[in-house]
2 protein chains.
Amino acid sequence: MQHQRPKIVDVARLAGVSTATVSRVLSNPQIVNAETRRLVEEAIRQTGYRLNHAARNLRHRRTGGVVALVPNLSNSFFSQILAGMAAVLAPAGYNLLVADTRAEGGASILRYAEPSRADGLIVLDGSLPAEGLARRVPVVLACEWIPGFAAPRVKIDNRQAAQMAVEHLIALGHRQIAHVAGPVGNVLTDARLAGTELALKAHGLPPPRVFPGDFTLASGQRAGAAWLALPPGERPTAVFLASDEMACGFIGEVQHSGLTVPRDVSVMGFDDIELVAHMTPALSTIHQPRNAIGRHAAQRLLDRIGGDEGSEDTVLPVELVLRGSTAPPRG
Amino acid sequence: MQHQRPKIVDVARLAGVSTATVSRVLSNPQIVNAETRRLVEEAIRQTGYRLNHAARNLRHRRTGGVVALVPNLSNSFFSQILAGMAAVLAPAGYNLLVADTRAEGGASILRYAEPSRADGLIVLDGSLPAEGLARRVPVVLACEWIPGFAAPRVKIDNRQAAQMAVEHLIALGHRQIAHVAGPVGNVLTDARLAGTELALKAHGLPPPRVFPGDFTLASGQRAGAAWLALPPGERPTAVFLASDEMACGFIGEVQHSGLTVPRDVSVMGFDDIELVAHMTPALSTIHQPRNAIGRHAAQRLLDRIGGDEGSEDTVLPVELVLRGSTAPPRG
DNA sequence: CGGAGTTATGTAATCGATTTCAAGGGGGTT
DNA sequence: AACCCCCTTGAAATCGATTACATAACTCCG
């Protein structure tokens with residue numbers, strides 16, 4: 001190895017052309033004479049040349065990367081969304097960087113929102129400060145969103161989805177329906193609660209009893225304990241939880257106490273994460289098209305990077321998935 | 001906005017110093033006179049200057065990024081490992097890029113293994129070609145590994161872990177123990193199968209009946225169907241599956257048929273993904289320290305990038321987690 | 001007071017590619 | 001023969017930071 005790593009001038013020298021020509025072969029082959037091109041390609045092969053992306057990016061004033069800001073990387077809900085994004089970004093020549101907004105200290109996460117770090121940002125966390133994001137790089141919001149921050153959003157209709165879920169429980173004959181909410185201050189929490197209340201109101205039923213939650217298994221378990229702690233006569237006969245993880249925790253707790261789902265209580269989740277189809281009982285839930293959310297978000301971002309100024313929302317359809325955890329109330 | 005984006009010369013001009021001095025304030029403040037430093041910092045504030053990473057990286061001949069090659073981003077098993085890696089890399093000033101080795105076409109994934117793209121690579125997929133990886137950037141293998149490829153590995157002792165699992169089943173009194181294996185050709189598949197066979201042999205029991213699998217829920221479900229298809233007298237009384245996801249599929253299928261776990265069959269998983277603690281029955285399994293795997297892998301890579309040549313393995317301890325899915329055989 | 005040593009700063013080369021601008025050569029037209 | 005155009009190609013500027021080397025000022029000491 002005479003050179004640590006061949007550069008474009010090494011290729012140029014070997015091929016007997018200028019660096020400009022080599023560069024053209026690399027990025028715009030058809031404008032180079034066929035024979036010259038062949039020579040250069042041969043030189044590239046012989047030297048084992050690989051281009052330096054830092055240099056190209058510097059010249060192009062771009063980074064070739066897109067950052068996804070995820071509230072919690074450990075949450076499997078996001079992994080399929082990331083997979084969808086990667087599937088769109090990779091063919092377009094972009095790298096996907098992921099960052100956990102919780103793991104890294106508050107505002108420092110915004111260091112990713114710089115043009116020299118990333119060409120664009122996909123934000124999946126509605127709790128980030130709008131000021132920090134403004135005027136930096138193209139942004140797309142997915143799933144969650146930031147009130148007062150104008151950017152294209154890729155989302156589902158959470159309110160309507162919650163309505164569908166509760167309508168189903170009502171149709172089964174339930175009259176006392178509880179809701180286990182998401183974390184306080186989250187936009188999804190509010191939308192799903194609103195949908196729940198709307199559906200009940202539309203059927204002349206009283207507002208739901210609401211148990212606190214935060215989308216995690218553990219909080220679902222606590223909700224289960226809280227439900228069990230009620231006098232049997234006062235227990236809602238159906239519970240709609242704002243996430244599947246919580247539903248799993250809830251069902252686990254209820255079954256542990258010896259009661260049975262859906263005989264003693266109907267349970268409805270939200271998200272349709274893969275596992276819940278295989279539990280016993282299989283969970284009835286709202287299916288979120290997670291891969292599609294990732295793909296659309298990535299595509300919207302690419303459009304934005306390409307100069308598209310549109311900021312209308314993309315609302316993807318959900319599906320009511322009925323499985324074994326919901327049934328008519330007893331008696 | 002007169003400038004699109006202030007550069008280091010703008011700061012220098014405003015502070016009345018050279019770009020060299022500004023650069024020094026940025027990366028080595030203590031060698032600059034306190035008063036000058038104050039001036040420069042003030043100028044940085046006034047101009048709203050942000051440094052361009054592409055330029056710095058070009059000069060430093062580094063990228064500031066680390067790539068994780070994951071077999072399947074949708075698999076929640078990996079998300080917690082990624083979280084662990086991010087927790088170590090971010091404070092060290094590295095970005096974490098993730099790529100799905102399955103989603104992107106075969107060899108093209110190796111484009112990430114270039115010094116100008118990433119300063120290092122964490123490979124979680126044992127099926128990548130060793131030749132492609134050799135002699136490129138520092139590599140650390142995590143979980144899986146590539147036979148014949150020398151690099152530090154961060155892993156668990158899969159053989160021994162499988163042994164522990166099967167020993168437990170034997171201790172409960174089981175004599176007919178089946179194994180549901182991982183995908184053919186995978187190093188984990190072989191190690192876990194070997195451990196299973198070893199444990200049985202040590203107790204004078206015949207080799208296990210082996211059902212094919214590939215770590216996915218669906219394959220676990222198929223294994224459940226295959227188990228059910230056996231004449232009741234020939235059914236193994238316990239099944240050890242090479243992943244929790246498969247165990248979930250298996251249990252789901254068995255319970256669907258009206259049988260009960262662990263009364264009719266004991267089930268043992270592998271991984272201890274978060275959800276399985278909340279199923280009914282809760283799954284007995286082998287706990288893998290996923291966050292720690294991620295952290296250690298990231299740390300090893302940082303060491304390697306820093307010049308450490310060591311390539312010994314880091315073997316992290318697993319735990320046998322006993323929950324409700326295993327019990328003595330009937331009768 | 002001259003010389004060594006220290007500290008602080010500036011000048012200019014450098015990282016490795018891309019791209020503007022200019023120019024050479026060939027063909028066709030009048 | 002003069003002119004124009006197109007096709008190729010090269011020279012050199014450029015992207016925005018870092019840093020080796022040079023230099024100036026100041027201190028210390030015999």
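First the proteins, then the strands, lettered A, B, ... as listed; each starts at 1.
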Report the distance from atom [atom1] of [X] to atom [atom2] of [N], rounded to the nearest whole Å.
| X | N | atom1 | atom2 | answer |
| --- | --- | --- | --- | --- |
| B/N28 | D/dA17 | CG | P | 17 Å |
| B/R62 | D/dT18 | CZ | C1' | 13 Å |
| B/R56 | C/dG16 | CZ | P | 18 Å |
| A/L51 | C/dC15 | CG | P | 17 Å |
| B/I31 | C/dT9 | CD1 | P | 9 Å |
| B/R38 | C/dA8 | CZ | P | 16 Å |
| A/R5 | C/dC15 | CZ | P | 14 Å |
| A/N57 | C/dC15 | CG | P | 18 Å |

Is the closest side-chain heavy-atom distance between B/F215 and B/N72 below 4.5 Å?
no

Among [options], which is the nearest nucleotide to the side chain of [X]?
| X | options | value |
| --- | --- | --- |
| A/N52 | C/dA17, C/dT18, D/dT18 | C/dA17 |
| B/R59 | D/dA12, C/dG16, D/dG16 | D/dG16 |
| B/T36 | D/dT9, C/dA17, C/dT9 | C/dT9 |
| B/K7 | D/dT18, D/dG10, D/dG16 | D/dG16 |
| B/A55 | C/dA17, D/dA17, D/dT9 | D/dA17 |
| A/T19 | D/dA12, C/dA17, D/dT19 | D/dA12 |
| A/A20 | C/dA17, C/dT19, D/dT18 | C/dT19 |
| B/L58 | C/dT9, C/dC15, D/dT18 | C/dC15 |
| B/S18 | C/dT9, C/dG10, D/dT8 | C/dG10 |

Would you check if there is a donor-acceptor pair between the side chains of A/T63 and A/N57 at a distance under 3.5 Å?
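Distance-only check fails for A/N57 and A/T63.
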
Please work out if [X] contacts a base, only the sugar-phosphate, or nothing of the nucleic acid, heavy-atom cut-off 4.0 Å.
| X | answer |
| --- | --- |
| B/T21 | sugar-phosphate |
| A/V32 | sugar-phosphate |
| B/V9 | nothing |
| A/V22 | nothing |

side-chain contact (heavy atoms from CB on, under 4.5 Å) with A/I44: which of A/I8, A/L51, A/L39, A/L26?
A/L26

CG/B/L58 to NE2/A/H53 distance, rounded to the nearest 0.5 angstrom?
13.0 Å

Helical bend (five base pairs per end, nearest 10°) for the helix from C/dC1-D/dG30 to C/dT30-D/dA1:
60°

Using a strict 4.0 Å threshold on nitrogen-to-oxygen distance, state whether [X] and [Y] make a salt bridge.
| X | Y | answer |
| --- | --- | --- |
| B/E114 | B/R117 | no |
| B/D10 | B/K7 | no |
| B/E35 | B/R38 | yes |

[X] side chain near [N] phosphate (N/O to OP1/OP2, under 4.0 Å):
| X | N | value |
| --- | --- | --- |
| A/H60 | D/dT14 | no |
| B/Y49 | D/dG16 | no |
| A/R61 | D/dG16 | yes |

On DNA chain C, check which nucleotide each of A/R24 and B/N33 is closest to and give me the residue with the more 5' one.
B/N33

Name all residues meeting the side chain to side chain contact (heavy atoms under 4.5 Å, CB included) criterion together with B/I31; count only those two or more places apart in sequence or in a different chain, and write none if there are none.
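Residues passing side chain to side chain contact (heavy atoms under 4.5 Å, CB included) with B/I31: B/R24, B/N28.
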
Side chains of residues 87-98 of chain B: which donor-acceptor partners sit under 3.5 Å, not counting sequence neighbours?
none

